[in-house]
Colleague: 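Quick one: this structure, given as structure tokens, is what I'll be asking you about.
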Amino acid sequence: MQLIQNLKQATANAIQAIYQVQIKSEQVLVNATKPEIEGDYTIVLFAFVKQLGKSPDELGNALGEAVKNSMPGTITDFNIVKGFLNFTISDQFWLDYIQSADTNQLITPTSNPRKIMVEYSSPNTNKPLHLGHLRNNFLGWSIAEILKLQGNEVVKTCIVNDRGIHICKSMIAWQLFANGATPETTGQKGDHFVGDYYVKYNDAYKAEVEQLIASGLSKEEAEKEAPIQKAAQAMLLKWEQGDAETIDLWKRMNTWVYAGFDVTYKKIGSDFFKTYYESNTYLLGKDLVDQGLAKKVFYQKEDSSVWIDLTSDGLDEKIVRRKDGTSVYITQDIGLAELKQKEFNTDASIYVVGDEQNYHFKVLKLICQKLQLPAADGIYHLSYGMVELPTGKMKSREGTVVDADDLVDGMVQIAKEKTESLGKVDDFSPAQLEKLFDTIGLGALKFFLLRVDPKKKMIFNPEESIDFHGFTGPFIQYTHARIKSILRKTGTAVHSIGTNLLPLEKALAMQLANFSAEVNEAAEALDPSKLAIYAFNLAKLFNSFYAELSIANAESEDKKNLRIQLGILTAATLKQAMHALGIEVPEQM
RNA sequence: GGUUCGGUAGCUCAGCUGGAUAGAGCGUCAUCCUUCUAAGAUGAGGGCCAUUGGUUCGAAUCCAAUCCGAAUCACCA
């Protein structure tokens, strides 16, 4: 659907022809005309009034006439109101569009497809996924789907933070308190099982610190001297030395966690083409430090630690190698960026990571650029805001973390209760029902987390749970199911669709025609919320249409055909838009 | 203190590449199921778009300052 683009181009051409002034088509602003004014699309004349030195009316008349004549059969009329040039599009244009639209090709693919990596999820192996991870996973998945929809090749990756002191804490606690218990013996999901020992570690640590303070140590000393903390540090050292027993335990506990993650990922629909483990990548980037030194990008201090000075870029000095020769977080990320580039040769790499790491990624990109790594310019940090509770941030210590599994199960349960109370799916089999509850519950949750601009922090109120009415996933799923229900009765064979359009029919066609452009916008901005909003508006519009006009009992055969076709297109568009959000739409609900 | 991001209806959010009377949803009130799925539709009510100044035909949108909130500025990851 190129209509808007064509209008811009025609306007630019007209200005060129009449006034010999070169205007880029992108400079022409085309809006949907206000409902109470006659017309379908509006061009704002003010932008050119001054530049061309003509009055809005004079300019409007000249442009209106020229554009109208350049698009015969498409534009039937124009008018000028207070500096706005309004064009009326012919019914025939929309009828042609409705008739020829192909549900298998709702999107015009991008002319320059790229290979793009999307890295998301990044779990820690010491605790289960929580609400924040869900936002990350849904965003990553959706971004990947949107880019694919546009015609790009997407490589989904995940970096697992499977090493470090926090893992050792869980391990120590397990050794101390578990008595050999395992997820199998307790029947607990592996990630929750390990997460519990992380909590137990913190409890024990806190108790030890308090005890030490009571025995006369200062708070600082106590925190340093707590035996369990020392044990964890010792264990990390052993791990790094490759101590067989430690590595064994580490592997064993990680296996439990991964088994748990797999269940969750499967449930919420996350997958990765390639998973990187920090235990394999944490030594990367060391050779790049030497290269950087040779290139004089980095410099060495007296204690032989290596730094980069970013003060001229408005940032600080940053260490890239410790004096003991070990690398730091940023170093391994540089190394990993290069590794990924070598393995996949992508045009761009999108990191879905929380906004608390904005500074880190700014530095990462800058350093990669200074090192002239091929990956550098393609690095893009998709920074998303935290999910907060009405009471403030989630804090594991205060037990206010919203667990991902619990939340998903809760949503599915609500979907079940709601669906059963409505009693519209009595003919479903138990397996179908289960699938439906999952679809609706997850749909509600995903939509809720994706409908907000990713970069903004959002508030989630677990008390109120998530609504199934209004601007929600189930509302759109319901609209889809409703259309499908009608189509099952009317059939989908369409012949003649008549020669005129009612306002609601036209509005629906216009909205449908926008889909491709909306996908492009969402892809460009890496913002699924744009698609969520689009899908909601389309569903809402269809529901108004549905309430006003009958499809099965339309006033004529032509009208029936036309509305069936509009129903087919709306259902297909909703399905595809939701699919790009990672949300399935049921045939019946 | 520096940097970055945010402040729009009671609540949660759109709108921000300047354009016509600032929009949704939830909540509140009212109306609509013997006819295609009421998880729906229609209507009412609700706003000094944080504040002040500037830019201009026109500012929620751009600029500056101020106030409030958040993140970050680790030899943690």
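Protein chains get the first letters and strands the later ones, always in sequence-line order, with residue 1 at the start of each. No experiment lies behind these values; they were computed from the predicted model shown.
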Colleague: State the syn/anti category of B:C13 according to its glycosidic angle, syn meaning within 90° of 0.
Modeller: anti
Colleague: Quick one: A:I43 CD1 to B:A20 P, roughly how many Å, whole number?
Modeller: 16 Å
Colleague: Quick one: on RNA chain B, does A:Y329 or A:V81 contact a more 5' nucleotide (nearest heavy atom)?
Modeller: A:V81
Colleague: Could you check how far CZ of A:F84 sits from C1' of B:G18, rounded to whole Å?
Modeller: 11 Å
Colleague: Which nucleotide wins on minimum distance to the side chain of A:E36, given the candidates B:U21, B:C36, B:U12?
Modeller: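 Selected nucleotide: B:U21.
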Colleague: How far does the P atom of B:C26 sit from the matching atom of B:G69, given to the nearest Å?
Modeller: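 Rounded to whole Å, the distance is 32 Å.
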Colleague: For A:F471, report the nucleic acid contact type (base, sugar-phosphate, nothing); a contact means any heavy atom under 4.0 Å.
Modeller: sugar-phosphate
Colleague: Using a strict 4.0 Å threshold on nitrogen-to-oxygen distance, state whether A:D290 and A:R321 make a salt bridge.
Modeller: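 A salt bridge is present here (some side-chain N lies under 4.0 Å from a carboxylate O).
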Colleague: When you compare B:C73 with B:U51, how far apart are their P atoms, in angstrom units rounded to a whole number?
Modeller: 33 Å
Colleague: Base, sugar-phosphate or nothing for A:D162? Non-hydrogen atoms, less than 4.0 Å.
Modeller: nothing
Colleague: Would you indicate what A:Q588 reaches in the nucleic acid, counting non-hydrogen atoms under 4.0 angstrom: base, sugar-phosphate, or nothing?
Modeller: base
Colleague: Given that both distances must come in under 3.5 Å, which nucleotide forms a Watson-Crick or G-U wobble pair with B:C26?
Modeller: B:G10
Colleague: Any side-chain to backbone donor/acceptor pair from A:H480 onto A:P586? Under 3.5 Å, distance only.
Modeller: yes
Colleague: Using whole Å, what does the distance between atom C1' of nucleotide B:U61 and atom CG of A:L29 come to?
Modeller: 13 Å
Colleague: Rounded to the nearest angstrom, tell me the gap between atom CD in A:E555 and atom P in B:U35.
Modeller: 19 Å
Colleague: How far, in whole Å, is B:U34 from B:C29 if one measures between their C1' atoms?
Modeller: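 So the two C1' atoms sit 29 Å from each other.
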Colleague: Without decimals, in angstroms, what is the distance between A:K362 NZ and B:C73 C1'?
Modeller: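 Roughly 11 Å, once rounded to whole Å.
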Colleague: Given B:A70, is OP1 or OP2 found less than 4.0 Å from the side-chain N or O atoms of A:K456?
Modeller: no
Colleague: For B:C36 and A:R563 - does any side-chain N or O of the residue sit under 4.0 Å from the phosphate oxygens OP1/OP2?
Modeller: no
Colleague: Using the C1' atoms only, state how far B:G45 lies from B:G6, rounded to an integer number of Å.
Modeller: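 Between the two C1' atoms, the distance is 29 Å.
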Colleague: Which part of the nucleic acid does A:A547 contact within heavy-atom distance under 4.0 Å: base, sugar-phosphate only, or nothing?
Modeller: sugar-phosphate
Colleague: When rounded to the nearest Å, what value does the distance between C1' atoms of B:U56 and B:A74 take?
Modeller: 48 Å
Colleague: Please tell me which of the listed nucleotides, B:G40, B:C76, B:A20, lies nearest to the side chain of A:T33?
Modeller: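 The nucleotide sitting nearest to the side chain is B:A20.
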Colleague: Which nucleotide in the set B:C75, B:G19, B:C36 lies at the smallest distance from any side-chain heavy atom of A:I551?
Modeller: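 Side chain of A:I551 sits closest to B:C36.
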Colleague: Check whether the side chains of A:E317 and A:Y299 place a donor and an acceptor atom closer than 3.5 Å, and report yes or no.
Modeller: yes
Colleague: Between A:F447 and A:F475, is the ring centre distance below 6.0 Å?
Modeller: no
Colleague: Taking the nucleotide of RNA chain B with the closest heavy atom to each, which residue, A:D527 or A:I486, is nearer the 5' end?
Modeller: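 Mapping each residue to its closest nucleotide by heavy atoms, the 5'-most match is A:D527.
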Colleague: Looking across every strand, which nucleic acid part, if any, lies under 4.0 Å from A:I37 by heavy atom: base, sugar-phosphate, or nothing?
Modeller: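 Base: the residue A:I37, judged by heavy atoms under 4.0 Å, touches a nucleobase.
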Colleague: How is A:M458 classified with respect to the nucleic acid when contacts are heavy atoms under 4.0 Å: base, sugar-phosphate, or nothing?
Modeller: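 It contacts sugar-phosphate atoms only.
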Colleague: Does A:R322 pair with A:D324 as a salt bridge, N-O distance under 4.0 Å?
Modeller: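 Judged by the 4.0 Å cut-off on N to carboxylate O distance, A:R322 and A:D324 do not form a salt bridge.
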Colleague: Need one value for A:F46: base, sugar-phosphate or nothing, where a base atom within 4.0 Å counts as base even if backbone is also close, heavy atoms only.
Modeller: base
Colleague: Can you tell me if A:S544 touches the phosphate of B:U42, counting only side-chain N or O atoms and a distance under 4.0 Å to OP1 or OP2?
Modeller: yes
Colleague: Should the pair A:R482 and A:Y546 be classed as cation-pi, given the thresholds of under 6.0 Å to the six-membered ring centre and 45° from the axis?
Modeller: yes
Colleague: Looking at B:A64, which nucleotide sits across from it as a Watson-Crick or G-U wobble partner, both distances under 3.5 angstrom, or is there none?
Modeller: B:U52
Colleague: Could you list all the side chain to side chain donor-acceptor pair (under 3.5 Å) pairs where at least one residue sits in residues 547-557 of chain A, not counting sequence neighbours?
Modeller: A:E555-A:R563
Colleague: Under 4.0 Å, counting only non-hydrogen atoms across every strand here, what does A:D453 touch: a base, just sugar-phosphate, or nothing?
Modeller: sugar-phosphate
Colleague: Check whether the side chains of A:D333 and A:H360 place a donor and an acceptor atom closer than 3.5 Å, and report yes or no.
Modeller: yes
Colleague: One pair to check against side-chain hydrogen bond (donor to acceptor under 3.5 Å, both in side chains): A:T33 and A:D40. What are the steps and the verdict?
Modeller: CA-CA 5 Å; A:T33 304; A:D40 298 314; over 6 Å; no
Colleague: Establish, with yes or no, whether the OP1 or OP2 oxygen of B:C26 is under 4.0 angstrom from a side-chain nitrogen or oxygen of A:H469.
Modeller: no
Colleague: Out of B:A24, B:A20, B:C5, which nucleotide sits closest to the side chain of A:K455?
Modeller: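 That would be B:C5.
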Colleague: Of the nucleotides B:U37, B:U21, B:A77, which has the atom closest to the A:R322 side chain?
Modeller: B:A77
Colleague: Are A:K489 and B:U37 close enough that a side-chain N or O sits under 4.0 Å from OP1 or OP2?
Modeller: yes
Colleague: Can you find a side chain N or O atom of A:K457 that sits less than 4.0 Å from OP1 or OP2 on B:G6?
Modeller: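 So the side chain of A:K457 is outside the cut-off, no N or O lying under 4.0 Å from OP1 or OP2 of B:G6.
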Colleague: Partner of B:A59 by Watson-Crick or G-U wobble geometry, both contacts under 3.5 Å, or none?
Modeller: none
Colleague: For B:G15 versus B:G7, give the span between their P atoms, rounded off to a whole number of Å.
Modeller: 10 Å
Colleague: Which one is paired to B:C5, where only Watson-Crick or G-U wobble pairs with both distances under 3.5 angstrom count?
Modeller: B:G69
Colleague: Assign A:T42 to base, sugar-phosphate, or nothing according to its heavy-atom contacts below 4.0 angstrom with the strands shown.
Modeller: base
Colleague: When the P atoms of B:A38 and B:A44 are considered, how many whole Å apart are they?
Modeller: 23 Å
Colleague: Would you classify A:L487 as touching base, sugar-phosphate or nothing, given that sugar-phosphate means primed atoms plus P, OP1 and OP2, and contacts are heavy atoms under 4.0 Å?
Modeller: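 Nothing, no nucleic acid heavy atom in range.
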Colleague: Please determine, for the side chain of A:K540, which listed nucleotide (B:G25, B:U37, B:A20) has the closest atom?
Modeller: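 Among the listed nucleotides, the one closest to the side chain of A:K540 is B:G25.
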Colleague: Considering every strand and a 4.0 Å limit on heavy-atom distances, what is the contact class for A:L549: base, sugar-phosphate, or nothing?
Modeller: base
Colleague: Taking any heavy-atom pair under 4.0 Å as a contact, classify A:K418: base, sugar-phosphate, or nothing.
Modeller: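 It contacts base atoms.
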Colleague: Run the salt-bridge test on A:R163 and A:E240 with the 4.0 Å N-O cut-off and return the result as yes or no.
Modeller: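 Yes, this pair counts.
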Colleague: Would you kindly give the CH2-to-C1' distance between A:W307 and B:C75, to the nearest whole Å?
Modeller: 7 Å
Colleague: Which nucleotide, if any, forms a Watson-Crick or G-U wobble pair with B:G40, using both distances under 3.5 Å?
Modeller: B:C32
Colleague: Looking at B:A74, I'd like to know if its phosphate oxygens (OP1 or OP2) sit under 4.0 Å from a side-chain N or O belonging to A:Y359.
Modeller: no
Colleague: Does A:K530 have a side-chain nitrogen or oxygen under 4.0 Å from the phosphate oxygens OP1 or OP2 of B:G15?
Modeller: yes
Colleague: Can you tell me, in whole Å, how much space there is between the C1' of B:C67 and that of B:U21?
Modeller: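 It comes out at 31 Å once rounded to the nearest Å.
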Colleague: How is A:N86 classified with respect to the nucleic acid when contacts are heavy atoms under 4.0 Å: base, sugar-phosphate, or nothing?
Modeller: base
Colleague: So which nucleotide from B:C36, B:G40, B:A24 ends up closest to the side chain of A:A552?
Modeller: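 Among the listed nucleotides, the one closest to the side chain of A:A552 is B:C36.
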Colleague: Sort out the partner of B:C16 for me: Watson-Crick or G-U wobble, both distances under 3.5 Å, none otherwise.
Modeller: none
Colleague: Check every strand shown and say whether A:E388 touches a base, only sugar-phosphate, or nothing at a heavy-atom separation below 4.0 Å.
Modeller: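 Counting heavy atoms under 4.0 Å across all strands, no contact is made by A:E388.
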Colleague: Tell me which nucleotide among B:U37, B:A77, B:C13 gets nearest to the side chain of A:Q357.
Modeller: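 Ranking B:U37, B:A77, B:C13 by closest atom to the A:Q357 side chain puts B:A77 first.
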